[in-house]
Novice: 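Starting off with a structure, shown below.
All residue numbers in this chain count up from 1 along the given sequence. Start at 1 and go down the list; that is how both ligands and their atoms are numbered.
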Amino acid sequence: MKFFIDTANLAHIKEAHDLGILDGVTTNPSLMAKEGIKGTQATLDHYKAICEIVDGDISAEVLSTDFDSMVEEGETLAALHPNIVVKVPMIKDGLKAIKYFSDKGIKTNCTLVFSAGQAILAAKAGATYVSPFLGRVDDIGWDGVQLIEQIANIYAIQGYETQILAASIRSSLHIVKCAEAGAHVCTCPLEPILGLLTHPLTASGLAKFVADAEKMKEIMQEQE
Ligand code: G3P
């Protein structure tokens, strides 16, 4: 499973990249607004800055909701860098735009997906990625991980090539569950990624090793 970071924060992107396990980045208008990015030029410049940090797929979302404007925006975004993936919402015009981009060889990420039916449509339109929002599915009392599993089964049976990009991940456990459920990619903020590193037995085991290493140094110094 590939790891993408779901943020527009350059410091977080750099920190995840420096871990050596980052495969890409996803953003959305809410994440861009959170970083104070406003206006076309600032938005394009920010995507270019992300592309300079990470050599992997970078999802940049269109802001419009009608076909013509989504196509115009998506073509501008795609021209920025070969790693840009145009992120398009799962609506009727969005589906048409995904088909249009797919026919032109432009990579797409179909976002705001909450059902297996929507995931089938995204695959049929030729989306590179489909983004089921598992945390938001959990929020309404359904089972987000089960949705990932269902989509993974359908895609395997049907031979769809669209990659399942599990999104709206809120915890380290979500990441592990997505790997088990067959997601090709998980995208999440920095914290759940860093959370995977920690375990109380690692911390207590290391404390003991460090203490014993000090004793070893003393012995070695005595022998010198
Ligand atoms: O990738 C989608 C993600 O940004 C949404 O996450 O936590 O707002 O549901 P969340």
Novice: Could you walk me through whether M32 and Y47 satisfy the side chain to side chain contact (heavy atoms under 4.5 Å, CB included) test, starting with their C-alpha distance in whole Å, then the side-chain angles of each, then the deciding distance to 0.1 Å, before giving a yes or no?
Specialist: CA-CA 10 Å; M32 293 289 277; Y47 287 134; 3.6 Å; yes
Novice: Among all the protein's non-hydrogen atoms, which is closest to atom 2 (C) of ligand 1, and how far away is it?
Specialist: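 Atom 2 (C) of ligand 1 sits closest to the protein heavy atom F133 CZ, 3.4 Å.
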Novice: Would N28 count as a contact of ligand 1 if the rule is a heavy atom under 4.0 Å away?
Specialist: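 For ligand 1, residue contact (heavy atoms, under 4.0 Å) with N28 is present.
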Novice: Going by the order shown, which atoms of ligand 1 are within less than 4.0 Å of some heavy atom of A167?
Specialist: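 Near A167, meaning under 4.0 Å from one of its heavy atoms, ligand 1 has 1 (O), 2 (C).
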Novice: Give yes or no for whether the N/O distance cutoff of 3.5 Å, strictly under, is met between T187 and ligand 1.
Specialist: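 Min N/O separation from ligand 1 is not below 3.5 Å for T187.
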Novice: Pick out which of T162, D57, T26 makes a side-chain hydrogen bond (donor to acceptor under 3.5 Å, both in side chains) with Y129.
Specialist: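 Single pass found, and it is D57.
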Novice: About how many Å separate CG of L112 and CE of M90, when rounded to the nearest 0.5 Å?
Specialist: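 Answer rounded to 0.5 Å: 10.0 Å.
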Novice: Looking just at side-chain N and O atoms, do Y100 and E75 make a donor-acceptor pair shorter than 3.5 Å?
Specialist: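 Result is yes, a qualifying pair exists.
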Novice: Could you tell me if D45 and Q41 have a donor-acceptor pair between their side chains, going purely by distance under 3.5 Å?
Specialist: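 Yes.
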Novice: Among all protein heavy atoms, pick the one closest to atom 8 (O) of ligand 1 and tell me residue, atom and distance.
Specialist: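 Among all protein heavy atoms, the one nearest atom 8 (O) of ligand 1 is R136 NH2, 2.8 Å.
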Novice: Specify the protein heavy atom at minimum distance from atom 6 (O) of ligand 1: its residue, its atom name, and the distance to 0.1 Å.
Specialist: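 I find the closest protein heavy atom is S168 CA, 3.5 Å.
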Novice: Tell me which part of T111 gets within contact of ligand 1: side chain, backbone, both or neither, using heavy atoms under 4.0 Å.
Specialist: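 No part of T111 is near ligand 1 at this cut-off.
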Novice: Looking only at protein heavy atoms, which one is nearest to atom 7 (O) of ligand 1, and how far off is it?
Specialist: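 Going atom by atom, the protein heavy atom closest to atom 7 (O) of ligand 1 ends up being R170 NE, 2.9 Å.
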Novice: Please answer: with hydrophobic residues joined when any side-chain heavy atoms are less than 4.5 Å apart, are I148 and I193 in the same cluster?
Specialist: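 In one cluster: yes.
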Novice: Under 3.5 Å, is there a donor-acceptor pair linking the side chains of N28 and E61?
Specialist: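 Not at all, the side chains of N28 and E61 share no donor-acceptor pair under 3.5 Å.
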Novice: In the protein, which heavy atom is nearest to atom 1 (O) of ligand 1, and how far is it?
Specialist: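 Minimum-distance protein heavy atom for atom 1 (O) of ligand 1 reads D6 OD2, 2.9 Å.
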